[in-house]
Amino acid sequence: MPELPEVETIVRGLRAVLPGRRVLSVRLGKTDFIDDPAALEHELPGCRIGAVERLGKFIAVRLEKQETRPSLLIHLGMTGQLATARPGEPIPPHTHVIFALDDGRELRYTDTRRFGRMLFAADSAGRDVLGKLGDDPLEITFAAFRASLARRRAMVKALLLDQHFLRGMGNIYTDEALWRARIHPKRHAARLTLDEARRLHASMRKVLADAIRLRGSSISDYLDAAGQPGGYQRRHRVYGREGKPCFRCGTKIRRVIVAGRSSYFCPHCQRISRLEIRDSKRGTRARALR
DNA sequence: CTTACGGCCTGGGTGC
DNA sequence: TGCACCCAGGCCGTAA
């Protein structure tokens, strides 16, 4: 569910309440999304919470514990929510982790589909997970972005979704950035012109920055750490708008599947040559036959 | 190394 | 009402 802007919003909310708190206890429900539930249960109580950071779509809660500097890493997957509550408040369905804090409050993790992930990462162990992430899309320079694109023949949308390429882009903001840049989602990364790459770099930053300002997009159930919805869904230009008129030219927005995900685009503003489409198909078929 | 694809879960919506 | 089917802010493992 949450992409970079939603995770950033949640992290900012948690930063206001978590640092300095101590974890008193951990209560677990279903644990199939936790790397090592026993470690979580045994290591966390007694830890004092330090900084709360975002790395791509991961939330890193730094812990202060003797010499080691472990972290609690949390990924919200599609339906994960992290919020503080008073112990008496009703516990929402699918709440699988409850951390009791020393100020009498609780930090609760709720995740209907359990596509999220949670781990107690001792020290650099978290490097295994975080180290593979690509650059932050808000920090990468145009030169580096352009150079990375040039080395890949994958479809540009698939690349933007790949967290090893860039950390933080998801299905909504990728489609929004491609629409702004007037680039078809199936274009091959290496075939983008200098100007297209420039537009994409700028669009990505613009879309993400605006979305952070509006505290993310709330489609069905996303809420920030304080239980508030975001406002960027009102600014969506293509995502979820199949059949509706393009905001630029009025052409009906279309939906295709790219990298296994619904992808919305304007067939007039975001063109691709038959050759480039056929190219990727031929590549796939040739490989399948071998 | 790269890319493509099925699978992991649950629930909401739609159409018969 | 019931049921089958499609869809959903994500990523992982496997195969080619």
Side-chain angles (χ1 to χ4, degrees), chain A residues 1-10 29-35 54-59 73-82 92-96 110-119 128-130 132-134 137 148-177 185-186 188-190 207-208 211-212 214-224 229-233 235-236 238-243 255-264 279-290:
Chain A
M1 157 197 44
E3 306 181 29
L4 187 153
E6 290 76 29
V7 179
E8 178 64 25
T9 302
I10 288 165
K30 290 191 179 174
T31 58
D32 54 357
F33 62 96
I34 303 175
D35 281 35
R54 176 186 63 75
L55 281 113
K57 300 176 194 173
F58 278 92
I59 297 168
L73 301 183
I74 302 164
H75 193 295
L76 302 174
M78 292 276 259
T79 51
Q81 294 184 16
L82 203 51
H94 306 290
T95 298
H96 294 115
T110 304
D111 187 351
T112 308
R113 296 173 72 183
R114 304 197 304 285
F115 281 3
R117 185 171 178 191
M118 192 178 295
L119 62 149
D128 292 348
V129 180
L130 305 178
K132 295 175 185 164
L133 296 176
S148 304
L149 286 172
R151 276 183 245 119
R152 307 285 219 103
R153 56 156 284 138
M155 293 181 282
V156 64
K157 166 141 182 179
L159 253 201
L160 294 179
L161 288 175
D162 182 351
Q163 302 300 298
H164 306 304
F165 182 74
L166 285 180
R167 54 169 132 109
M169 296 292 288
N171 206 32
I172 293 180
Y173 299 104
T174 296
D175 279 5
E176 293 298 318
K186 288 192 178 181
H188 293 353
V207 163
L208 293 174
I212 290 173
L214 290 180
R215 311 174 59 78
S217 302
S218 290
I219 301 291
S220 61
D221 56 4
Y222 160 74
L223 298 174
D224 68 19
Y232 194 75
Q233 66 281 3
R235 300 279 254 270
H236 291 176
V238 278
Y239 182 79
R241 298 192 63 249
E242 183 178 20
R255 181 175 78 98
V256 292
I257 302 297
V258 180
R261 320 289 303 276
S262 276
S263 304
Y264 301 89
D279 246 29
S280 28
K281 282 190 188 150
R282 196 194 306 141
T284 306
R285 212 179 309 134
R287 242 168 285 130
L289 289 173
R290 220 169 297 144

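Here is how names work: the chains are called A, B, and so on, in the same order as the sequence lines, proteins then strands, and each is numbered from 1. Everything numeric here is computed off the predicted structure, so don't read it as measured data.
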Check your understanding: Does a donor on one side chain sit under 3.5 Å from an acceptor on the other, for A/R255 and A/S262?
Key ->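 Their side chains do contain a donor-acceptor pair, which is all the 3.5 Å distance test asks for.
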Whole angstrom value for the distance that separates [atom2] of [N] from [atom1] of [X]:
{"X": "A/L76", "N": "C/dG10", "atom1": "CG", "atom2": "C1'", "result": "11 Å"}
{"X": "A/K132", "N": "C/dC11", "atom1": "NZ", "atom2": "P", "result": "14 Å"}
{"X": "A/I10", "N": "C/dG10", "atom1": "CD1", "atom2": "C1'", "result": "14 Å"}
{"X": "A/L160", "N": "B/dT3", "atom1": "CG", "atom2": "P", "result": "13 Å"}
{"X": "A/F165", "N": "C/dG10", "atom1": "CZ", "atom2": "P", "result": "17 Å"}
{"X": "A/D175", "N": "C/dG10", "atom1": "CG", "atom2": "P", "result": "11 Å"}
{"X": "A/H75", "N": "C/dG10", "atom1": "NE2", "atom2": "P", "result": "8 Å"}
{"X": "A/L159", "N": "B/dT3", "atom1": "CG", "atom2": "C1'", "result": "10 Å"}

Check your understanding: Where the side chain of A/K57 is concerned, which of B/dT3, C/dC11, C/dA8 is the nearest nucleotide?
Key ->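 Selected nucleotide (nearest to the side chain): C/dC11.
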Check your understanding: Between C/dA8, B/dT2, B/dA4, which nucleotide gets closest to the side-chain atoms of A/S262?
Key ->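 Looking only at heavy atoms from C-beta outward on A/S262, the closest nucleotide is C/dA8.
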Applying a 4.0 Å non-hydrogen cut-off, can you work out what [X] is touching in the nucleic acid: base, sugar-phosphate, or nothing?
{"X": "A/R261", "value": "base"}
{"X": "A/G260", "value": "nothing"}
{"X": "A/Y239", "value": "sugar-phosphate"}

Between [X] and [N], is there a side-chain N or O to OP1/OP2 distance below 4.0 Å?
{"X": "A/R117", "N": "C/dC12", "value": "yes"}
{"X": "A/Y264", "N": "C/dA8", "value": "yes"}
{"X": "A/Q163", "N": "C/dC11", "value": "yes"}

Point to revise | All ring pair (Phe, Tyr, Trp, His ring centres under 6.0 Å) counterparts of A/Y232, not counting sequence neighbours | key: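 So A/Y232 forms a ring pair (Phe, Tyr, Trp, His ring centres under 6.0 Å) with A/Y173, A/H236.
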Tell me, do [X] and [Y] make a side-chain contact under 4.5 Å, heavy atoms counted?
{"X": "A/L133", "Y": "A/L130", "value": "yes"}
{"X": "A/R241", "Y": "A/Y264", "value": "no"}
{"X": "A/M118", "Y": "A/T31", "value": "no"}
{"X": "A/N171", "Y": "A/K157", "value": "yes"}
{"X": "A/L76", "Y": "A/I59", "value": "yes"}

Taking only the [atom1] atom of each, what is the distance from [N] to [M] in whole angstrom?
{"N": "B/dG12", "M": "C/dC11", "atom1": "C1'", "answer": "23 Å"}
{"N": "B/dG7", "M": "C/dC5", "atom1": "P", "answer": "16 Å"}
{"N": "C/dC12", "M": "B/dG11", "atom1": "C1'", "answer": "23 Å"}

Check your understanding: 5'-most contact on DNA chain C: A/R255 or A/F58, nearest heavy atom basis?
Key ->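 Closest to the 5' end, via its nearest nucleotide, is A/R255.
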Point to revise | Pairing nucleotide - B/dC9, Watson-Crick or G-U, each distance under 3.5 Å | key: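 No nucleotide pairs with B/dC9.
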Check your understanding: Given A/E8, which of A/R54, A/R215, A/K57 fulfils the side-chain contact (heavy atoms from CB on, under 4.5 Å) condition?
Key ->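 Of all the options given, the one that passes is A/R54.
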Check your understanding: With the sugar-phosphate defined as primed atoms, P, OP1 and OP2, and the base as all remaining atoms, what B/S/- string results for nucleotides 8-15 of chain B, 5' to 3', for protein heavy atoms under 4.0 Å?
Key -> BBBS----
